[in-house]
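All chains are named by letter (A, B, ...) in the order of the sequence lines, taking the proteins before the strands, and each is independently numbered beginning at 1. Values below: every heavy atom of this structure, side chains too, minus hydrogens, waters and symmetry copies.
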Number of protein chains: 2
Amino acid sequence: MKINFKKACFGILFISICNLSIAQKVNTEDSLMLRNLYDMALLNGNSYDWLDTLSNKIGGRLSGSVEAEQAVRFTKEELEKLGFDKVWLQPVMVPKWTRGFKEYAFIESGEGEETVTTDICALGGSVATSEIGLKAEVIEVQGIEDLERYGRDQIEGKIVFYNRPMKANLIHTFEAYGGCVDQRYAGAMEAAKFGAVGVIVRSMNLKNDDFPHTGSMTYGDTPIKDRIPACAISTNGADYLSSTLKIQPDLQFYFKQSCKVYPDVQSHNVIAEITGSQYPNKYMVVGGHLDSWDLGDGSHDDGAGCVQSMEVLRLLKLTNYKPKHSIRVVLFMNEENGLRGGTEYAEQAKLKNEQHVFALESDSGGFTPRGFSFDTNEANFKQVLSWKALFKPYLIHYFEMGGSGADIGPLKDDNIVLAGLRPDSQRYFDYHHAASDTFDAVNKRELELGAATMASLVYLFDKYGTKTSLDPVKN
Amino acid sequence: MKINFKKACFGILFISICNLSIAQKVNTEDSLMLRNLYDMALLNGNSYDWLDTLSNKIGGRLSGSVEAEQAVRFTKEELEKLGFDKVWLQPVMVPKWTRGFKEYAFIESGEGEETVTTDICALGGSVATSEIGLKAEVIEVQGIEDLERYGRDQIEGKIVFYNRPMKANLIHTFEAYGGCVDQRYAGAMEAAKFGAVGVIVRSMNLKNDDFPHTGSMTYGDTPIKDRIPACAISTNGADYLSSTLKIQPDLQFYFKQSCKVYPDVQSHNVIAEITGSQYPNKYMVVGGHLDSWDLGDGSHDDGAGCVQSMEVLRLLKLTNYKPKHSIRVVLFMNEENGLRGGTEYAEQAKLKNEQHVFALESDSGGFTPRGFSFDTNEANFKQVLSWKALFKPYLIHYFEMGGSGADIGPLKDDNIVLAGLRPDSQRYFDYHHAASDTFDAVNKRELELGAATMASLVYLFDKYGTKTSLDPVKN
């Protein structure tokens, strides 16, 4: 694209006039504050540098790993440098599961004459195979509900291959994920009931590539001796396996994984606070989760959310804004395979009788922000809608009721505002839980725009306060 | 991010209910048609495969090159396969400028003791240096307006280094581009008036990296003997040069480029048409430009716009929709360095008295679509706003007056609707006119969403018609 720069200048003038006419409808002080927050994030932001360290110097941060503890130390030190009122670590016991040696798998067809290796990874929490690995025939299903249909006769002794893909025509990719993830989470537990010896799950990825995507799974109450190993296979691998099964239904699948569960270990949530000037005992939280899966460096999930949350407090401080409420950044430990950090934070808040009125999580990747979803009462949501025009110059348009974030979920009550940043989601599952989730996949501007958008919402809720469910609903 | 899938299911239900309530406000037939267009684009699209060929089998398609002619042939053949009413080539004479050997540059400081090579590329249309290259001292300026201030005394015999960066705090990156591109377009012409011997321009890129970004430039009426060579330097290179100049103001910059202008050659716009059922003599155009710069493979600029435009006609045909107006896809030749294709198309339309009522261009990259900007009368724009709810399920929210596209600009009159697809722009200038503009930087889903969004707008304008400036404005 080429731009005629006379036309471009006219365009700028036009946009300025439009922005002015929007500004006339909104509070000028708020409008200037948002402009200030965006300017600082884009011109003088720190989130990208923090992410560089978290991703490139520390790397994947699975709960209980050395890297997770390095991340705790690094973020605490960085928060201390910023001169907030308090910075501390909140102890939390977390599960420790390790992947062990890199997994190995192949497809053996044509009476053992041909083997083709394929890309897999153990699901988080899976047991290992035996030391010599596991080899068995494969039965392909489109979901847990197929198990009943095939029955023990056709499943026993086999590896169940869950191959229901994410629906590509859903615009909200998290909806497509929600429609598949039961295969990963409960697939092994359910298949074991029919005598399966192992489970392969198609990666939760909308793209055709060679990356297997890990993620949490459960065995529920399955006795330890009956637990079967479970792995994810890349989307390309899944398509290859499926098409080969059509030609050779009796092919054998071999895989070996050496993952292991250890006793729980102590880790920490990292917390910093700017104490409120008017309501020091009312708390507003902004956060992400500091742990990540181990295959990539956890840049999008959820290094981005952590550094954006740190940046929110930094931006508010840089503007010399004195919050009325106490505002905390909380970097939660162990979202991925236990939610222990989020659970502990909420329990401690309850024990200490800390009244939390607002919590915002960023845990959907560091892509261009589009808006927020909310889990709150109608009065609060209506208040949010009254701020839409303030966000328009920043192309923030999505304000909907819906989910918020896993870590802040345990804080839920009738009056709190729970919110989740909603970035563009089209590429998120290309990286989610895979080796492709690396620093180079995060764009600096997009990350910074997210931080400024979050800071803007925190500012508005701090300034105007939150509503209880008994407050009148303004239209 | 992990998802509790029970909550996810609830979320889906919630979203479905919301969509339903939107649907009640909009025409159901239209709503279903849009859903159909998006489904087909995402589940059964062809745009990404076409782009694969255009980018990976053909590559950069500078006007007058063999690749540009291969692209003409390939797209014509593909359009012929789709069984439209007419497919043809429209001849157009285009400039032919070639880059020649790869450019070479170094910075020589400390009395010739140290040289550091740096990444440059010739600007499109620049003259070559002499065969032994050009070496001279450098004067750094922040824009054309600085030339007057320094004057001939300080400029004569030197290379002018335009180093005003794009403003990072502008949300619309095209606005940031518009604020800098005069340096590239007119910098050499203006510097020559003060006796400069060459020009280096900071790449129009918001990211710090090593890619020089080319683009068009003009010498205006400067006599051939007075034309000075002009190159772009990468953003990293520009920062290095600038900081070195502060230490060594008398450093020398060397560059060599062997670009050349040839006589104009014949090329073609590629056109396909579905003839209208009610108004065969009223035309609606959807298009992009088939030429690209030569450094990358032109995937975002503007392979994406071409394959999306082809896909619009394909999608409309697949739905069995019978357009009332004649709908054409036009793949314009020579947008980048001449706009000859767009100019010729409009001239021929005038000569043949073809009434064009609507034209839509996609030339802002293949990123997640956000909406459209329009250049039209108030009645048409008001009509567009009445369709906003139809687009909401697809997160299409941006409907503003503003520019459209360079190629369709020459069609402008009082009554035509000119529109430009507006995708997310945050990463566009990372790739624009640089070697980084390659196929792997385009996401399949994002490309397909753009095509469906374009097809939806074309469908609505075809069905409801366009307004003349004399029509009443509905509110």
Side-chain angles (χ1 to χ4, degrees), chain A residues 1-5 7-9 11-12 14-15 18 38-39 42-43 168-175 177-179 181-182 185 206-207 215-216 289 301-302 335-337 339 363-365 368 370 393-395 397-398 400-403 405-406 409 424 426-428 430 432 443-446 449, chain B residues 1-5 7-9 11-12 14-15 18 38-39 42-43 168-175 177-179 181-182 185 206-207 215-216 289 301-302 335-337 339 363-365 368 370 393-395 397-398 400-403 405-406 409 424 426-428 430 432 443-446 449:
Chain A
M1 185 181 192
K2 190 179 61 177
I3 284 198
N4 175 320
F5 66 89
K7 281 193 190 165
C9 293
I12 293 165
F14 185 86
I15 290 165
C18 293
Y38 277 92
D39 282 353
L42 289 164
L43 296 173
N169 60 331
L170 294 174
I171 307 301
H172 295 266
T173 60
F174 283 90
E175 200 181 326
Y177 179 68
V181 71
D182 63 328
Y185 191 67
L206 281 154
K207 192 174 173 180
S216 65
H289 64 86
D301 186 14
D302 181 30
E335 190 266 356
E336 293 293 2
N337 56 339
L339 206 68
D363 184 18
S364 304
T368 301
R370 305 289 296 265
Y394 310 100
L395 304 177
H397 66 101
Y398 186 86
E400 301 287 343
M401 286 293 285
D424 189 283
Q426 298 309 322
R427 284 170 291 134
Y428 185 63
D430 298 359
H432 180 248
N443 177 277
K444 182 172 181 282
R445 288 178 64 77
E446 296 184 355
L449 285 167
Chain B
M1 183 180 192
K2 190 179 61 180
I3 283 199
N4 174 320
F5 65 89
K7 281 194 191 165
C9 292
I12 292 165
F14 185 86
I15 290 166
C18 292
Y38 278 90
D39 282 353
L42 288 164
L43 297 173
N169 60 332
L170 293 174
I171 307 299
H172 294 266
T173 60
F174 282 90
E175 201 180 326
Y177 178 69
V181 71
D182 63 329
Y185 191 68
L206 282 154
K207 191 174 175 181
S216 64
H289 63 86
D301 187 12
D302 184 29
E335 189 268 356
E336 294 294 3
N337 56 339
L339 205 68
D363 184 18
S364 303
T368 300
R370 304 290 296 264
Y394 310 100
L395 303 175
H397 65 102
Y398 185 86
E400 302 287 343
M401 286 292 286
D424 190 283
Q426 299 308 322
R427 285 171 289 132
Y428 185 64
D430 298 359
H432 181 248
N443 176 277
K444 182 172 180 282
R445 288 179 63 77
E446 296 183 356
L449 284 167

A.B. asks: Give the minimum heavy-atom separation between B:L43 and A:A168, together with the two atoms involved.
C.D. replies: CD2-CB, 4.0 Å

A.B. asks: Between B:D39 and chain A, which part of the residue has a heavy atom less than 4.5 Å away: side chain, backbone, both or neither?
C.D. replies: both

A.B. asks: Non-hydrogen atoms of chain A under 4.5 Å away: do they reach the side chain of B:L206, the backbone, both or neither?
C.D. replies: side chain

A.B. asks: Find the one option among A:N169, A:T173, A:L170 whose heavy-atom pairs under 4.5 Å with chain B are most numerous.
C.D. replies: A:N169

A.B. asks: Report which part of A:N443 has an atom under 4.5 Å of a heavy atom belonging to chain B: side chain, backbone, both, or neither.
C.D. replies: side chain

A.B. asks: Is a side-chain N or O of A:R445 found less than 3.5 angstrom from the main chain of B:R427, in a donor-acceptor match?
C.D. replies: no

A.B. asks: Which atoms of A:L395 come close to chain B, meaning under 4.5 Å heavy atom to heavy atom: side chain ones, backbone ones, both, or neither?
C.D. replies: both

